[in-house]
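By convention in this document, chain letters (A, B, ...) are assigned in the order of the sequence lines, proteins followed by strands, and residues within each chain are numbered from 1.
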Number of protein chains: 2
Amino acid sequence: MSDGKPERGAVRNITDLARLAGVSPGTVSRALAGKSLVNTKTREKIESLAREHGFRPNQMASGLRRQKTDVIGVVIPLGHDTRQQISDSFFMTLLGYLADELTREGYDLMLRRVVPEEDADWLDRFIRSGMIDGVIVIGQSDQFDRIEEVADGYRPLVVWGNRQEGQHHCVVGTDNRLGGRIATERLVAAGARRIAFLGDTGPMEFAARFAGAQDVAARMGLPPILPLPTHLSPDRASEEIAQHLAAHAGAIDGIFAATDTLASLCLTELRGHGISVPDEVRLVGFDDLPIARQTVPPLTTVRQDIAAGARGLVDLLLRRLAGETTESMVLPPELVIRATA
Amino acid sequence: MSDGKPERGAVRNITDLARLAGVSPGTVSRALAGKSLVNTKTREKIESLAREHGFRPNQMASGLRRQKTDVIGVVIPLGHDTRQQISDSFFMTLLGYLADELTREGYDLMLRRVVPEEDADWLDRFIRSGMIDGVIVIGQSDQFDRIEEVADGYRPLVVWGNRQEGQHHCVVGTDNRLGGRIATERLVAAGARRIAFLGDTGPMEFAARFAGAQDVAARMGLPPILPLPTHLSPDRASEEIAQHLAAHAGAIDGIFAATDTLASLCLTELRGHGISVPDEVRLVGFDDLPIARQTVPPLTTVRQDIAAGARGLVDLLLRRLAGETTESMVLPPELVIRATA
DNA sequence: AATCATCCTGCAAACGATTGCAACAGGAAT
DNA sequence: ATTCCTGTTGCAATCGTTTGCAGGATGATT
């Protein structure tokens, strides 16, 4: 205050501050922690000194002593599609909401991106690092089993992904199978009969969407859904989509894309091939990312409520942190009809 | 090994493991840290015991003792446009690359999103938390002065943003003013004369792009650039863009958008208004995000090399961490010509 | 056999904050 | 005057790891 530049750097720890205030370190700790056991005058003196010197208690030390770091780990396993997944719009949006929610609850967020193939015990390593109070895994990728293994011995763990019959780990996610059904039903309602699924069917979530599509095909007596495996990274995807279209020209009149990103790329390719949407081919995406509103024509898609997902993840994690046992949370998908189907 | 389920949880710290191995804690520490002073046989025994019990040294304690946490803080100040900025494609892509680079260098990433208006000393608080070895700030937003204040007293700080004459903090970023010139020159070359700038001119980076556009207008004797202030969040932006278009119908034949995201929204609105691009109105964006390739028609834009930016940020930060003094790093923008100008 | 260097290992003091316990002051109650 | 509270404060152990220093064992050299 005095000079605009209080001599900072002099006070490095709670003991220095205690010396200045003429009290013991313990009292300083209590005062700064806002405990009720400190005399009001003492507290004010300590607080003003702390402010003046820009002092903040060291979180590492505090964490060590309290056995609680107030940090939540968020980890994105890059399974199938190493590159680019981390900048996938959906995951990033979810991450943004998670940051919001965690901040609101007084937690910091430690982000880690791992490649399970190079680092077998990525999850265990993170958990036992001692730096985090709990873990949120974004996307099961192909690591379902690894997660299951760990989940039994470690409570504060919540996963974004698909719910599996009888699984042990607590998961938050959209009902992908139902989403797949909804999307496919829409394609059929729009006149499609020979339907393809655009995307890799390896990852859990995608597999479930694919299964949902198959459900509908079976129920309605349509030909089986044709899987068109595709990577997620835009550069590779475009090319692969083009090949798929060339290979199955005329044999497909409806496409269910695993992701809005893929759907959008597909739309571009369809236009390139002179195929009209939705007249010749109907198209439905998944996620309802902002991009879905801006494609030409605007994309019909299945909406995932990302904000609700983030809230659910944090809420469940906090409850597990508090010792509760929690059920998984399944969010309802919602059809958003625009112009591609 | 033995049973598939080694009794974990028994070994909680280095001392437990020392007891098991029949050595002192110090030796265990040295062995696990890979120091050369330990007998090979002892080391192997300790390592195998550690593996068997899934033990990892506590990073908090280690950090406390070594005064080094191996964590880098990444903070996104949400200045002008509180909501949604964190899920802005550009920042998120940058964040992804940062995660990659930091991981490669053996650092973890702590992500924090702050609202400077609610929390005046966001930067100081983060720095002095004791949890991080250095800070990367993504975007100066309107916090230039605050960052300057802190930068003199804290070395391991690097900022993504715009370089200012005579500034004190180390910054990595594209030459926005040059980018603005390039974009505007392209608009002119494509036949535009009455040019507008779409976006808020408040944030540093945008202000520089705007200034670059003004440079060109002045040099070429064109009418002054018309600023069309717009929020970044898609929902508000669309509406605002529509209003701008309505207000200046026919009076504009070229638009330089501050961002590809805005450009893409603008394109949608233009189509809605039946205005043809690039015949009636030319459009140039900024960033070269993946979306730029998928708009209809594909977007002409100014490319920022995000990967190089991330590498630069991490590289400079590491060097400052090592005690070096570093210059700022200015990346060259690059015009990518597609079909909108 | 004595000396010395070379390896390893153990001891104990840090790092900085928290907290159970004890002690103290001052006032109230007896 | 004694006893008993109540409200504050200090003391010292603790969280788990690291590391400077000293010391012990071993083998080599004279």
Look at the side chain of [X] and the backbone N and O of [Y], then say whether any donor-acceptor pair between them is shorter than 3.5 Å.
{"X": "D133(A)", "Y": "D70(A)", "result": "yes"}
{"X": "Q140(A)", "Y": "N162(A)", "result": "yes"}
{"X": "R320(B)", "Y": "R155(B)", "result": "yes"}
{"X": "S29(B)", "Y": "P25(B)", "result": "no"}

Query raised in the report: So with a 6.0 Å cut-off around CD of E324(B), is the heavy-atom count from everything else above 12?
Result: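 It does: E324(B) CD has more than 12 such atoms within range.
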Query raised in the report: Considering residues, nucleotides and ligands other than R43(B), do more than 12 of their heavy atoms fall under 6.0 Å from its CZ?
Result: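 Yes, because the 6.0 Å sphere around CZ of R43(B) holds more than 12 heavy atoms from other groups.
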Requested in this report: Could you check whether K41(B) gets within reach of a base, just the sugar-phosphate, or nothing at all, counting any heavy atom under 4.0 Å?
Outcome: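 The answer is nothing, as K41(B) stays clear of every strand by at least 4.0 Å.
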Query raised in the report: Under 4.0 angstrom, heavy atoms only, what part of the nucleic acid is K68(B) near: base, sugar-phosphate, or nothing?
Result: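 The answer is nothing, as K68(B) stays clear of every strand by at least 4.0 Å.
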Which atoms of nucleotides 25-27 of chain D (N or O only) lie under 3.5 Å from a protein N or O atom, and what are those distances?
none

Query raised in the report: Are the charged groups of D121(A) and R128(A) less than 4.0 angstrom apart, N to O?
Result: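 Salt bridge absent between D121(A) and R128(A).
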Query raised in the report: Hey, is E101(B) close enough to R104(B) for a salt bridge, meaning N to O under 4.0 Å?
Result: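 Answer for the salt bridge query: yes.
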Query raised in the report: What are the bounds, 5' to 3', of the part of DNA chain C that sits under 4.0 Å from heavy atoms of chain B?
Result: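 Going 5' to 3' along DNA chain C, contacts run dC8(C) to dG16(C).
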Requested in this report: Determine whether Y154(B) and L157(B) make a side-chain contact, defined as any pair of heavy atoms from C-beta on separated by less than 4.5 Å.
Outcome: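 Side chain of Y154(B) against side chain of L157(B), heavy atoms only: contact under 4.5 Å found.
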Report summary line: Reading nucleotides 4-17 of chain D from 5' to 3' and marking B where a protein heavy atom lies under 4.0 Å of the base, S where only the sugar-phosphate is that close, and - otherwise, the string is ----SBBB-BBBBB
Query - Identified side chain to side chain contact (heavy atoms under 4.5 Å, CB included) partner of I72(A) from the options I136(A), L109(A), I132(A) - result: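 Per the side chain to side chain contact (heavy atoms under 4.5 Å, CB included) rule, the option paired with I72(A) is I136(A), out of I136(A), L109(A), I132(A).
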